[in-house]
Visitor: 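Please read through the structure below; I'll follow up with questions.
Residue numbers start from 1 in every chain, and the chains themselves are labelled A, B, ... in the order their sequence lines are given, proteins ahead of strands.
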Protein chains: 2
Amino acid sequence: MKAEQAIDDRSGISLHDRIRDEIEANVMSGRWSPGHRIPYEHELMKHYSCSRMTVNRALGTLVERGLIERRKRAGSFVMTPKFHQAVFELPELRSQVVAQGKTYDFDLLRRELRRANAADRSHLNIADGEVLHLQCLHYVDAKPYAFEDRLINLELVPEARTAAFDREPPNSWLFAHVPWSDARHQITAFNADAELARKLAIRPDCACMMVERWTWRLPERTTYVQMIHPGPLFSIEAAFRP
Amino acid sequence: MKAEQAIDDRSGISLHDRIRDEIEANVMSGRWSPGHRIPYEHELMKHYSCSRMTVNRALGTLVERGLIERRKRAGSFVMTPKFHQAVFELPELRSQVVAQGKTYDFDLLRRELRRANAADRSHLNIADGEVLHLQCLHYVDAKPYAFEDRLINLELVPEARTAAFDREPPNSWLFAHVPWSDARHQITAFNADAELARKLAIRPDCACMMVERWTWRLPERTTYVQMIHPGPLFSIEAAFRP
DNA sequence: AAGTGGTCTAGACCACACA
DNA sequence: GTGTGGTCTAGACCACTTG
């Protein structure tokens, strides 16, 4: 019974990986178009001389990846590819910059502890409470690279009360100290107003990219941040979702 | 043997889903910090009165999601969360707009079949060959929403030679006709020049968002496109990677 | 009614890393 | 060596859906 496995076990790849890869290749190359019915589990069992669990595992992975869809009594079908799903990384700025051999600095421009105002309550989705409002400028090779404008929900992150944020930037501090479970991002392009242009040392009206992030520790929001970058210095790269 | 399953089978959720969810909750809430060793498969088997395969499946899913790491002989450990990975969707414009009950239109501004020039060769990473250059404007509710500037590698997509692209926009046509295996995106903010401003009916210098996409059918590039949106009308939403 | 996929079991052998 | 995870088997029952 293990004989078949041993025979097929070339190059250290597991059998379910091989089955998955071979089906994936058929889909990706277009040989199996969207809507094509792929072989039944029973047929794949015979083809690969393996048990149904092994086939099932391979197909289950393909379902998670969105490549196939499975319908009881009908079979498994190639899905119309979800062209549009892409994954990107928003780097933790300081370590990213240092890793590239560039210099990183930041200035804390504002640190205000206050009772939440209307805008704060909206951003953090709270009825009341205290927030910490931080603004700082990030520099890469001594040039302004990002303006950070952040709210921290002090009910959820009381440790932030006593953090100075004068040596460690807020994003790094939060990453290290605050557990989180979910985040939502919005990316927008807009023209800099005079004050932002002054801070970022760009001309007024220069196109900027804003990345807003709401972070949850379910079910509540811990922090809201706007990271605003000069358009000419910043871009986001994203790959098709692997 | 099936008795235990029947007893635990509440609310139609499978057991491996329940195991995965409960471990996930412990990680997400911070009760199990990064580095924490989660129970051995053997312990989880006892706790849930199930077989090792069921536990293994739950843990395997968590590995794929990047929440835990498994080391032989040592156990399974909570990973440091990858803060920065986020996933977004770039909708197929027409169907997206129509689904929202808005009107969609587009104008084909340019359709040129030519020998690849230097820029074309660079964008498509080819040494020579013919390309199709398309430009069109997409309208949502009769207002310009995007300017599309696209190159198609005719060696790889010969069917595009005979497609008119006067009724179906290039992105929809390609989506339906051309298999692809990989894509890379770049998102940039920039100020509109006079000509672009005229096309998009925005003021010159208005911030725009450009999404560039290179699409592969491995190992070659099938198409390169710039989608340029008026900043005030467009944003990208992204969720933490599920 | 029949055949598909969804899920699970109770074993098993193996590689690997650590003691 | 020892115990972990990685993988696989040869069954099983069930729900669902479709012919």
Visitor: Do side-chain atoms of A:R94 reach the backbone of A:S172 as a donor and acceptor pair under 3.5 angstrom?
Guide: no
Visitor: As a test of reading the structure: which of D:dT9, C:dA19, C:dA1 is closest to the side chain of A:R73, going by heavy atoms?
Guide: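 Minimum distance to the A:R73 side chain belongs to C:dA1.
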Visitor: Check this for me: does any side-chain nitrogen of one of A:R184 and A:E212 sit under 4.0 Å from a carboxylate oxygen of the other?
Guide: no
Visitor: In whole angstroms, how far is the P atom of C:dA15 from the CD1 atom of A:I13?
Guide: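 So the two atoms are 17 Å apart, to the nearest Å.
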Visitor: Relative to the ring of A:H138, is the ring of A:Y104 parallel (under 30°), tilted (30 to 60°) or perpendicular (over 60°)?
Guide: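 A:Y104 vs A:H138 ring planes: tilted.
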Visitor: One thing to verify: whether A:D21 and A:R18 come together as a salt bridge, which I'm taking to mean a side-chain N less than 4.0 angstrom from a carboxylate O.
Guide: no
Visitor: Can you tell me the distance, in whole Å, between the CG atom of B:N56 and the P atom of C:dA10?
Guide: 16 Å
Visitor: Go through DNA chain C and write down every stem, that is, every run of at least three consecutive Watson-Crick or G-U wobble pairs with distances under 3.5 Å, as range with range.
Guide: C:1-18 with D:1-18
Visitor: What's the spacing between B:R150 CZ and B:R111 CZ if we round to 0.5 Å?
Guide: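 Rounded to the nearest 0.5 Å, the CZ-CZ separation comes to 13.5 Å.
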Visitor: Using heavy atoms and a sub-4.0 Å distance, could you list which residues of residues 38-45 of chain A are near DNA chain C? By number, please.
Guide: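 A:Y40, A:E41, in order of number.
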Visitor: Given C:dT7, C:dA15, C:dA2, identify the nucleotide with an atom nearest to the side chain of B:K72.
Guide: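 Nearest nucleotide to the side chain: C:dA15.
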Visitor: Consider the side chain of A:S51, meaning its heavy atoms from C-beta on, and name the nucleotide among D:dG5, D:dT7, D:dA10 that approaches it most closely.
Guide: D:dA10
Visitor: With a 4.0 Å cut-off on N to O distance, would you call B:R37 and B:E43 a salt bridge?
Guide: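 Answer for the salt bridge query: yes.
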Visitor: Using atom CD of B:E69 as one end and atom P of D:dG6 as the other, report the distance to the nearest whole Å.
Guide: 11 Å
Visitor: Closest-nucleotide mapping onto DNA chain D: is A:H16 or A:A74 further toward the 5' terminus? I mean the 5' end.
Guide: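 Nearest-nucleotide comparison on DNA chain D picks A:H16.
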Visitor: Measure from CE on B:M53 to P on D:dT9 and round the result to the nearest Å.
Guide: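 B:M53 atom CE is separated from D:dT9 atom P by 10 Å.
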Visitor: From the list D:dC8, D:dG5, C:dT7, which nucleotide is the closest neighbour of the side chain of B:R57?
Guide: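 Looking only at side-chain atoms, B:R57 lies closest to C:dT7.
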Visitor: What's the closest nucleotide to the side chain of B:S76 if the choices are D:dG5, C:dT7, D:dC8?
Guide: D:dG5
Visitor: Is the charged tip of A:R70 near the ring of A:F77: under 6.0 Å from the six-membered ring centre and within 45° of its axis?
Guide: no
Visitor: Hey, could you give me each pair passing side chain to side chain donor-acceptor pair (under 3.5 Å) that has a residue in residues 157-167 of chain A? Not counting sequence neighbours.
Guide: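 Side chain to side chain donor-acceptor pair (under 3.5 Å) check on residues 157-167 of chain A returns A:E130-A:R161.
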Visitor: Hey, is B:R20 close enough to B:E22 for a salt bridge, meaning N to O under 4.0 Å?
Guide: no
Visitor: What integer distance in Å separates A:R37:CZ from D:dT18:P?
Guide: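 About 14 Å, once rounded to whole Å.
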Visitor: By nearest heavy atom, map B:R70 and A:R71 onto DNA chain D; which one lands nearer the 5' end?
Guide: B:R70
Visitor: Is the ring pair A:Y224/A:W214 parallel, tilted or perpendicular, if the boundaries are 30 and 60 degrees?
Guide: tilted
Visitor: Below 4.0 angstrom from OP1 or OP2 of C:dT9, is there any side-chain N or O of B:T54?
Guide: yes
Visitor: Would you kindly give the OH-to-P distance between B:Y48 and C:dT7, to the nearest whole Å?
Guide: 17 Å
Visitor: So what does A:R52 hit on the nucleic acid, given a heavy-atom distance under 4.0 Å: a base, only sugar-phosphate, or nothing?
Guide: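 Here A:R52 touches the bases of the nucleic acid.
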Visitor: Rounded off to whole Å, could you give me the CZ-to-C1' distance for the A:R20 and D:dT7 pair?
Guide: 14 Å
Visitor: Nearest whole Å is fine: how far is D:dT18 C1' from A:F77 CZ?
Guide: 11 Å
